[in-house]
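What follows is a single structure, written as structure tokens, with notes after it.
One-based numbering along the sequence shown.
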Amino acid sequence: MPATLNFFDTYILIAVMEEVVPNAFFFRDRYFPTGEGDVFAADKVLTEYRRGDRKMAAFVSERIGDIPMDRIGYEIHELQPAFIGVSRLLTVDELRKRGFGEALYANSTPAQRAARLQMDDMRDMDLRLRRREEWMAVNTMLENACFIQEYVDAETKGKALSVKFYEGTSDHLYTVAAPWTTFAEMRQDVIAMCRMLSYRGLPVADLLLGTQTADAILQFEDLQKLLDKNSGIAIGAINEQLSRYTGVVLLGTLNFGGFRLNLISVDESYMDDDGKTKPYFPVDAAMVTAPNCGHLMYGQITQIDYGSTECTSHPGIRVPKFTLDQDKDTRKLRLASRPLAAPRNYCPYILAKKVVS
């Protein structure tokens, strides 16, 4: 007799969740990917980063042999990621209705409709979690920290939490002398921003631009002259094209004092807690950084699974939970996560605010 799968079991739901094709998000996927060792079987995660080592080996007397080298620039912190949970109810009335995209005279049974709705709900909830992770990644790059507002219900705010990756004052900010009006002004500032990373031995590959910044740069007359093939200066090329990420445009590649940077215009947006649409990245800002400058880590989720009376801990990126209210004839599916976005090195991004007016 073939085995019957229980699609309300947490482990089966986790396996189903792994089959959901994820939506691509620019900051999350390019700069904060999740790799091996980033999913912890514990409530807390370990974040560690180095400061660039610029010291040289010393000349020593041959009779001495060597001088011990200290371990510098290494920091490790134990942090507890904030809990993110979203759920959706399934009532008897919804099982009787024709679903979105379903044929008008479909012969779907309530059980078949419930299975389809459950899969759709998991996709929708995963998408909301990914938007929050994208916000965490951007917030970490903009602030070199992540400021979190907990909620105790849909309307009531709870604790305000923060995770900072610096002590005292952060070294990730650069202030321009004046808003850019020419490429010459921009070039001077971008080279200085790149050197802030290269001095610490960190890579530089991308120049992220807000939409207003990108629009202004493309209008610089001196840049247009330099891009003319007859100028004799190999400054790079502008060839605007859409990327695989929604709201992200690849403008081209330009040379800034030997640093060949990918110019990327970012126009991703989200709806905040007040229902207002906001850009993830400031429209008048610029940032130099490199892919994989950080990573998303995850702590485990502890819960009482359906059909059990004991608490079980599940390490994973997404942990579903099914509950049943027989008195009200409702099912609830929850999707939970404990993500933490953290840099791999100390300040691997340099941000300049209000670079255009």
Side-chain angles (χ1 to χ4, degrees), residues 5-25 27-29 32-34 38-45 80-91 94-95 99-101 111 113-139 146 148-156 158 161 246 270-273 295-308 310-325 328 330-341:
L5 293 177
N6 178 8
F7 284 94
F8 304 129
D9 183 83
T10 299
Y11 292 100
I12 299 299
L13 289 173
I14 290 175
V16 172
M17 190 66 240
E18 290 176 351
E19 297 301 318
V20 173
V21 178
N23 290 70
F25 281 89
F27 289 94
R28 179 190 185 280
D29 297 343
F32 288 82
T34 299
D38 287 334
V39 179
F40 291 76
D43 294 332
K44 297 182 179 181
V45 301
Q80 181 164 343
F83 181 87
I84 301 176
V86 62
S87 64
R88 182 169 279 174
L89 294 175
L90 181 61
T91 64
E94 290 173 318
L95 295 179
F100 176 76
R113 189 170 286 122
R116 183 181 62 81
L117 286 173
Q118 183 167 286
M119 182 59 121
D120 291 344
D121 290 345
M122 292 180 76
R123 288 196 185 96
D124 292 344
M125 290 187 289
D126 178 66
L127 187 55
R128 290 205 178 187
L129 287 171
R130 286 180 180 274
R131 290 193 193 102
R132 177 56 70 183
E133 290 170 344
E134 180 79 343
W135 177 88
M136 292 180 69
V138 178
N139 197 233
C146 191
I148 299 167
Q149 177 62 64
E150 285 189 342
Y151 280 79
V152 296
D153 58 40
E155 304 294 335
T156 308
L161 309 174
T246 302
Y270 67 96
M271 183 177 291
D272 67 7
D273 297 330
H295 54 154
L296 267 172
M297 299 174 289
Y298 296 86
Q300 67 183 8
I301 302 292
T302 301
Q303 61 189 30
I304 300 177
D305 295 329
Y306 175 68
S308 175
E310 301 294 331
C311 290
T312 304
S313 295
H314 301 278
I317 295 175
R318 300 283 185 269
V319 178
K321 179 181 180 180
F322 175 83
T323 56
L324 174 66
D325 188 336
K328 297 181 180 179
T330 59
R331 298 174 179 176
K332 184 173 78 171
L333 185 62
R334 185 188 79 182
L335 200 59
S337 185
R338 282 187 177 274
L340 176 69

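Ion pairing between a basic and an acidic side chain is recognised when a charged N comes within 4.0 Å of a carboxylate O; R123 and D120 show such pairing.
With hydrogens and angles disregarded, a donor-acceptor distance shorter than 3.5 Å links the side chain of D29 to the backbone of F25. The closest donor-acceptor contact from the side chain of S337 to the backbone of I317 lies under 3.5 Å. Judged purely by atom type and a 3.5 angstrom limit, T34 uses its side chain to pair as donor or acceptor with the backbone of L296. A donor-acceptor contact shorter than 3.5 Å is absent between the side chain of R28 and the backbone of E133. In this structure, the side chain of D305 does not engage the main chain of S308 through any donor-acceptor pair within 3.5 Å.
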Where do N139 and F27 land on the side-chain contact (heavy atoms from CB on, under 4.5 Å) test, with the steps shown first?
-> CA-CA 10 Å; N139 197 233; F27 289 94; over 6 Å; no
Step by step, work out the side-chain contact (heavy atoms from CB on, under 4.5 Å) result for F83 and R338.
-> CA-CA 5 Å; F83 181 87; R338 282 187 177 274; 3.9 Å; yes
Can you check side-chain contact (heavy atoms from CB on, under 4.5 Å) on L333 and R88, steps first, answer last?
-> CA-CA 6 Å; L333 185 62; R88 182 169 279 174; 5.8 Å; no
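Qualifying side chain to side chain donor-acceptor pair (under 3.5 Å) partners for T323, counting only residues two or more places apart in sequence or in other chains: none. Partners of R128 under the salt bridge (Lys or Arg N to Asp or Glu O under 4.0 Å) rule, at least two apart in sequence or in another chain, do not exist in this structure.
Atom CD1 of I148 is separated from atom CD1 of I84 by 7.5 Å, given to the nearest 0.5 angstrom. Here the straight-line distance linking atom NZ of K321 with atom NZ of K332 works out to 7.5 Å at 0.5 Å rounding. Here the straight-line distance linking atom CG of L127 with atom CG of L335 works out to 11.5 Å at 0.5 Å rounding. To the nearest 0.5 Å, the span separating CZ on R331 from CG on D325 amounts to 12.5 Å. Considering CD of Q303 and OG1 of T312, their distance stands at 8.0 Å, rounded to 0.5 Å.
The shortest non-hydrogen separation linking G158 to Q149 is O-NE2, 3.1 Å. Here the closest non-hydrogen pair linking I301 and A336 is CD1-CB, 4.2 Å. Between Y298 and G316, the closest heavy-atom pair is CB-O, 3.8 Å. Nearest heavy-atom pair across S87 and M125 is CA-SD, 3.7 Å. Nearest heavy atoms, T302 versus S313: OG1-OG, 2.8 Å. The shortest non-hydrogen separation linking P81 to G299 is CG-N, 4.0 Å.
Residues C146 and W135 are in side-chain contact: their nearest non-hydrogen atoms beyond the backbone lie under 4.5 Å apart.
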